[in-house]
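A quick write-up on the structure given underneath.
Here the structure is a predicted model, which means the values were calculated and not measured.
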Amino acid sequence: MSTQVHSTPTRFRWLRPSALATVLVLPLALGACGGGNDTSTADPPADNTRTGSPTPGGTTGGTDSPGTSPRRDGPSGPTTPGTKPTPTPTPPTASTAPTAPTAPGDGQRQVRTAVYFLHGEQVSPAPRSVVAPTTAAGALRALLAGPDRFERGHDRTTSIPSDTALNSVVIRDRIATVDLSERYDDGGGSLSMRARLAQVVFTATRFPSIDKVRFELDGKPVTAFGGEGIVLNRPVGRTDFEDLAPQILVESPLIGETIRTPVRVWGSANTFEATLRLKVTDAAGGTAANVFATATSGSGTRGTYDVTIPYKAARSGAGVLTAYYDSPKDGRPVIIDTVPLTVKR
């Protein structure tokens with residue numbers, strides 16, 4: 001079935017100033033990195049988390065908590081409709097990454113975020129829970145650990161060399177200086193090098209307090225990365241890796257999560273005339289929903305979309321969300337990405 005669903009635009013850190021949208025603001029869990037007073041925040045605690053098993057638990061639907069709504073990169077930082085705030089300079093805050101994840105204990109809480117692996121040659125978010133207050137460092141450390149078994153089974157990979165270590169994260173004036181071990185720039189061609197940079201940038205900028213990333217290797221600033229000499233003489237953001245983002249990027253729901261009707265789906269897109277389609281397939285292989293959506297911009301400019309989709313599943317179980325668009329040439333569906341989910345009736 002094909003349904004036209006009203007799209008509530010949100011702002012995104014890739015939008016140009018002319019493509020502003022209505023913001024859906026959700027509660028954010030404030031976390032600090034390491035021993036400092038880091039202002040990075042993670043996605044709010046939600047019930048749509050999973051354990052990484054082939055039958056992940058948790059649900060999203062109804063009053064869905066999909067996490068931090070996306071925002072755009074820009075020369076003056078994130079933009080709110082009708083305003084153009086200038087970030088107030090703040091003292092740097094440091095986060096030294098522990099050598100191993102720390103189990104939650106007294107006074108600690110888990111917060112939800114996402115890390116960005118690769119699906120094919122483009123970034124693809126996956127859910128993670130990190131322990132506050134080390135939220136930014138925790139997310140990057142989870143990224144370095146690589147995809148779990150469930151994610152690998154659905155073709156999620158990483159270009160980051162194994163045994164890469166996170167030394168520290170320092171956040172100042174919305175720029176995160178990420179210090180990694182020398183292992184980070186080992187091997188790989190230009191695509192692999194750019195992909196691993198994009199993975200770190202997308203993961204760090206998931207936090208609303210971070211707009212861009214500056215790289216260091218074992219304490220030394222990086223101005224040219226890898227044997228190909230990728231220029232990094234300035235902080236970089238998501239717009240610097242537009243070619244490594246899918247034309248339709250689904251930011252929520254995330255791989256392995258459980259959904260209920262209606263499900264909120266949001267992300268960004270750069271498609272012809274800003275149109276896209278979202279299809280929910282249930283455990284019986286039937287189409288539970290197939291809707292049109294419109295991003296805030298397209299045809300060369302990335303915009304955002306945010307839709308709530310009612311669906312009717314014949315059976316609960318393993319399903320999939322497919323993001324695609326109809327070819328302007330012949331009308332055939334062009335599949336951009338698939339997100340494996342547990343679909344509840």
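Counting only distance, with no hydrogens or angles, the side chain of Arg174 and the backbone of Pro208 share a donor-acceptor pair below 3.5 Å. Using modelled atom types, one side-chain atom of Asn270 and one backbone atom of Gly300 make a donor-acceptor pair closer than 3.5 Å. Here the side chain of Ser168 pairs no donor or acceptor atom with the backbone of Asp179 at under 3.5 angstrom. With hydrogens and angles ignored, the 3.5 Å screen pairs a side-chain donor or acceptor of Thr296 with a backbone N or O of Thr304. Checking side-chain atoms of Thr281 against main-chain N and O of Gly285 turns up no donor-acceptor pair under 3.5 Å. Within the 3.5 Å criterion, the main-chain N or O of Lys344 finds no donor-acceptor partner in the side chain of Arg260. Checked by atom type and distance alone, the side chain of Ser316 pairs as donor or acceptor with a backbone atom of Arg345 at under 3.5 Å. Without hydrogens or angle criteria, Glu151 side chain to Ile255 main chain gives no donor-acceptor distance under 3.5 Å. Panel note: side chain Glu242, backbone Thr239; no donor-acceptor pair is recorded below 3.5 Å. Looking at Thr342, its side chain never comes within 3.5 Å of a backbone N or O of Thr258 through a donor-acceptor pair.
Closest approach of Ser209 to Ile171, counting heavy atoms only: O-CG2, 4.5 Å. Listed here is the closest heavy atom pair of Tyr311 and Thr261: N-OG1, 2.8 Å. Of all heavy-atom pairs between Gly226 and Met193, the closest is CA-CE, 4.0 Å. The minimum heavy-atom distance between Ala142 and Arg128, with the atom names listed, is CB-CG, 4.0 Å. Between Pro340 and Val320 the shortest heavy-atom distance is N-CG2, 4.2 Å. Shown here for Tyr116 and Gln199, the closest heavy-atom pair between the two residues is O-NE2, 3.1 Å.
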Assess whether side-chain contact (heavy atoms from CB on, under 4.5 Å) is satisfied between Lys212 and Val236, documenting all intermediate values. CA-CA 5 Å; Lys212 295 187 178 183; Val236 290; 6.0 Å; no
Let me see the working for Arg112 and Leu254 under side-chain contact (heavy atoms from CB on, under 4.5 Å), right down to the final yes or no. CA-CA 12 Å; Arg112 177 179 175 267; Leu254 300 171; 3.7 Å; yes
Working for side-chain contact (heavy atoms from CB on, under 4.5 Å), residues Leu217 and Leu180: CA-CA 5 Å; Leu217 294 180; Leu180 299 161; 4.2 Å; yes
Tell me, with the steps shown, if Thr113 and Arg206 meet side-chain hydrogen bond (donor to acceptor under 3.5 Å, both in side chains). CA-CA 8 Å; Thr113 186; Arg206 177 88 178 193; 4.8 Å; no
side-chain contact (heavy atoms from CB on, under 4.5 Å) between Val178 and Leu166, worked out: CA-CA 8 Å; Val178 178; Leu166 176 66; 3.8 Å; yes
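In the hydrophobic clustering of this structure, Phe225 groups with Phe202; members are Ile, Leu, Val, Met, Phe, Trp, Tyr whose side-chain heavy atoms approach within less than 4.5 Å, directly or through other members. Each of Val334 and Phe272 belongs to its own hydrophobic cluster when Ile, Leu, Val, Met, Phe, Trp and Tyr are linked at side-chain heavy-atom distances under 4.5 angstrom. There is no path of hydrophobic side-chain contacts, each under 4.5 Å, that joins Val343 to Tyr324. A continuous path of ILVMFWY side-chain contacts below 4.5 Å connects Leu118 to Leu197, so both sit in one hydrophobic cluster. Hydrophobic cluster membership is shared by Val291 and Val265, with clusters built from Ile, Leu, Val, Met, Phe, Trp and Tyr side chains linked at under 4.5 angstrom.
The closest side-chain heavy-atom distance from Leu144 to Ile160 is below 4.5 Å. Counting heavy atoms from C-beta outward, Thr223 and Leu232 have side chains that stay 4.5 Å or more apart. Taking the side chain as every heavy atom from C-beta outward, Val123 and Pro246 approach each other to under 4.5 Å. Residues Leu244 and Leu191 are in side-chain contact: their nearest non-hydrogen atoms beyond the backbone lie under 4.5 Å apart. Counting heavy atoms from C-beta outward, Val111 and Val130 have side chains that approach closer than 4.5 Å. Side-chain contact between Pro125 and Leu249 is present, with at least one heavy-atom pair separated by less than 4.5 Å.
Around atom CD of Glu121, no more than 12 heavy atoms belonging to other residues, nucleotides or ligands sit under 6.0 Å away.
The CZ atom of Phe215 lies 11.5 Å from the CG atom of Asp185; values are rounded to the nearest 0.5 Å. The OG1 atom of Thr205 lies 12.5 Å from the CD1 atom of Ile175; values are rounded to the nearest 0.5 Å. Summarising the geometry, atom CD belonging to Glu251 is positioned 9.5 Å from atom OG belonging to Ser124; distances are rounded to the nearest 0.5 Å. Put simply, CD1 on Ile210 and OG1 on Thr203 are 10.5 Å apart, with the number rounded to the nearest 0.5 Å. Rounding to the nearest 0.5 Å places OG1 of Thr157 at 11.5 Å from CZ of Arg152. Within the model, atoms CD1 of Ile336 and CG of Leu276 stand 10.0 Å from one another, a figure rounded to the nearest 0.5 Å.
A donor and an acceptor atom, one from each side chain of Tyr184 and Asp218, are nowhere located under 3.5 Å apart.
Under the ring-ring contact (aromatic ring centres under 6.0 Å, His included) criterion, His119 pairs with no residue, sequence neighbours left out. With sequence neighbours left out, Asp326 forms a salt bridge (charged side-chain N to carboxylate O under 4.0 Å, His left out) with Arg277.
The salt bridge (charged side-chain N to carboxylate O under 4.0 Å, His left out) contacts involving residues 193-204 comprise Arg194-Asp243, where partners must be two or more places apart or lie in separate chains.
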